[in-house]
Amino acid sequence: MNDYLSNLVTEKVNQNTKNIDECSTGEILELINQEDCGVPFAVKEEMPNIIKAVDILYESLKNGGKMVYIGAGTSGRLGVLDASECPPTFGTVPELIQGYIAGGDVALRTAVEGCEDNADLGRQQIIECNIKEGDVVIGITASGSAPYVIGGLKQAKELGAKTIAVVNNKESKLKPISDICIAPVVGPEVIIGSTRMKAGTAQKLVLNMLTTSTMIKLGKVYGNMMVDLKATNHKLNDRALRIIKTTTGVNDETAKEYLDKSNKNTKTAILMILSGYSLEDAEKLLLENEGYLKKALMQLNIKMEKDL
């Protein structure tokens, strides 16, 4: 028996749900909902560490580094999910934010037994990612003890990268090898050890905060609009058009015209409309302002025609 695991909060018996197998459907759902309600508060307790982590990520990505999630099971899937959603949402290249799970992509759909217990596989993953000084590696594991994640973070640290842990237990095995340890403690799960539930929800909230806050600081939004989104399907194309119309006051036809002229770059289309600049000049101005649309407009003393 593993004494470390048996002493984890995430492995304890939840006294509130110990008779859940005797409950009606409504009672089961009520208990699950009641337990879920505490998750945001646990995340809020970790705000000081989340702030530090975002600042590290911002400095890294601003200066040419990349961020890499590495995790196992539910934690790994959440990391891959968060990384994969950044290119369409914020217009990032896939290499900037990466996500890896023990067992590889097949583990996203099917449990691959034993892989998370192999620290060498975690180390090898980091080596294959060409991690170097200036990069940030984020290890995600509810228990804070998955050898795959521990091996990965140790390798990253040895290569000079910054390391961040996202766990759900205090004083975990990841804490000593992490520059920042984010540990929202959500308590025992509704079903003992089922960390895909409250622990997974807490991790998802944290990952949302890490990437979204970093992208905002990197100028990927204008107001609260995702002006760097890639219009790669009908829904995103429609969203891009609505953003252009909202921020400039133009009609449907003009919004569509400039979205096409800007090669589907929402941010550039907005700047072209408000400044009268050509595509080349608008792109140059954005580059001079490190991609910040608001800074580019301020440089030209241009204000939006409509409030966001």
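The structure displayed is predicted, hence computed values, not measured ones.
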- request: Could you walk me through whether C181 and V167 pass side-chain contact (heavy atoms from CB on, under 4.5 Å), step by step?
  value: CA-CA 7 Å; C181 184; V167 300; 3.8 Å; yes

Looking at every non-hydrogen atom in both residues, tell me the closest pair between [X] and [Y] and how far apart they are.
{"X": "A83", "Y": "Q98", "value": "CB-C, 3.6 Å"}
{"X": "I101", "Y": "A72", "value": "CG1-CA, 4.4 Å"}
{"X": "V250", "Y": "A255", "value": "CG2-N, 3.8 Å"}
{"X": "A165", "Y": "S178", "value": "CB-OG, 3.2 Å"}
{"X": "L210", "Y": "L57", "value": "CB-CD1, 4.0 Å"}
{"X": "A202", "Y": "P184", "value": "CB-CG, 4.0 Å"}

- prompt: Please walk me through it: do E22 and E27 pass side-chain contact (heavy atoms from CB on, under 4.5 Å)?
  reply: CA-CA 9 Å; E22 300 173 10; E27 290 168 337; over 6 Å; no

In this structure, would [X] and [Y] fall into the same cluster of hydrophobic residues linked by side-chain contacts under 4.5 Å?
{"X": "V80", "Y": "I131", "result": "no"}
{"X": "V206", "Y": "L174", "result": "no"}
{"X": "L121", "Y": "L108", "result": "no"}
{"X": "I302", "Y": "M272", "result": "yes"}
{"X": "V186", "Y": "M47", "result": "yes"}

[Y] side chain reached by [X] side chain, heavy atoms, under 4.5 Å:
{"X": "Y69", "Y": "I140", "value": "yes"}
{"X": "I138", "Y": "I70", "value": "no"}
{"X": "L31", "Y": "V190", "value": "no"}
{"X": "K264", "Y": "N237", "value": "yes"}
{"X": "I164", "Y": "D179", "value": "no"}
{"X": "I216", "Y": "K220", "value": "no"}
{"X": "L229", "Y": "I243", "value": "yes"}
{"X": "V221", "Y": "D228", "value": "no"}

Judged by atom type as modelled, is there a donor-acceptor pair below 3.5 Å linking the side chain of [X] to the main-chain atoms of [Y]?
{"X": "S60", "Y": "G134", "value": "yes"}
{"X": "S194", "Y": "I191", "value": "no"}
{"X": "R239", "Y": "H234", "value": "no"}
{"X": "Q125", "Y": "Y100", "value": "no"}
{"X": "S84", "Y": "L81", "value": "yes"}
{"X": "S213", "Y": "M209", "value": "yes"}

Would you call [X] and [Y] a salt bridge, using N to O less than 4.0 angstrom?
{"X": "E158", "Y": "R123", "result": "yes"}
{"X": "K62", "Y": "E59", "result": "yes"}
{"X": "K198", "Y": "D36", "result": "no"}
{"X": "K170", "Y": "E46", "result": "yes"}
{"X": "R242", "Y": "D238", "result": "yes"}

Atom [atom1] of residue position [X] - does it have more than 12 heavy atoms of other residues, nucleotides or ligands inside 6.0 Å?
{"X": "D105", "atom1": "CG", "answer": "no"}
{"X": "K157", "atom1": "NZ", "answer": "yes"}
{"X": "K132", "atom1": "NZ", "answer": "yes"}
{"X": "E280", "atom1": "CD", "answer": "no"}
{"X": "Q34", "atom1": "CD", "answer": "yes"}
{"X": "K66", "atom1": "NZ", "answer": "yes"}

Look up atom [atom1] in [X] and atom [atom2] in [Y], then write down how far apart they are to the nearest 0.5 Å.
{"X": "D135", "Y": "L96", "atom1": "CG", "atom2": "CG", "result": "10.0 Å"}
{"X": "I51", "Y": "I56", "atom1": "CD1", "atom2": "CD1", "result": "12.5 Å"}
{"X": "D120", "Y": "Q155", "atom1": "CG", "atom2": "CD", "result": "9.5 Å"}
{"X": "I97", "Y": "D82", "atom1": "CD1", "atom2": "CG", "result": "7.5 Å"}
{"X": "E95", "Y": "N130", "atom1": "CD", "atom2": "CG", "result": "12.0 Å"}
{"X": "L271", "Y": "T248", "atom1": "CG", "atom2": "OG1", "result": "11.5 Å"}

message: With side-chain contact (heavy atoms from CB on, under 4.5 Å) as the criterion, how do L297 and L274 come out once you've worked through the C-alpha distance, each side chain's angles and the decisive distance to 0.1 Å?
response: CA-CA 8 Å; L297 292 173; L274 293 178; 3.9 Å; yes

task: Begin from the C-alpha positions of E288 and Q299 and carry the test side-chain contact (heavy atoms from CB on, under 4.5 Å) through to its verdict.
output: CA-CA 10 Å; E288 290 173 357; Q299 183 177 322; 4.0 Å; yes

query: Knowing that exactly one of T74, N208, T195, N168 qualifies, which makes a side chain to side chain donor-acceptor pair (under 3.5 Å) with Q203?
result: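 It is N168, the one option of T74, N208, T195, N168 that forms the side chain to side chain donor-acceptor pair (under 3.5 Å) with Q203.
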
Can you see whether [X] engages [Y] through a side-chain donor-acceptor pair at a distance of less than 3.5 angstrom?
{"X": "N14", "Y": "E35", "answer": "yes"}
{"X": "N265", "Y": "T268", "answer": "yes"}
{"X": "Y148", "Y": "D117", "answer": "no"}
{"X": "T10", "Y": "N169", "answer": "yes"}

field: Stacked cation flag K261 on Y258, 6.0 angstrom / 45 deg
entry: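 Ring-cation test returns yes.
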
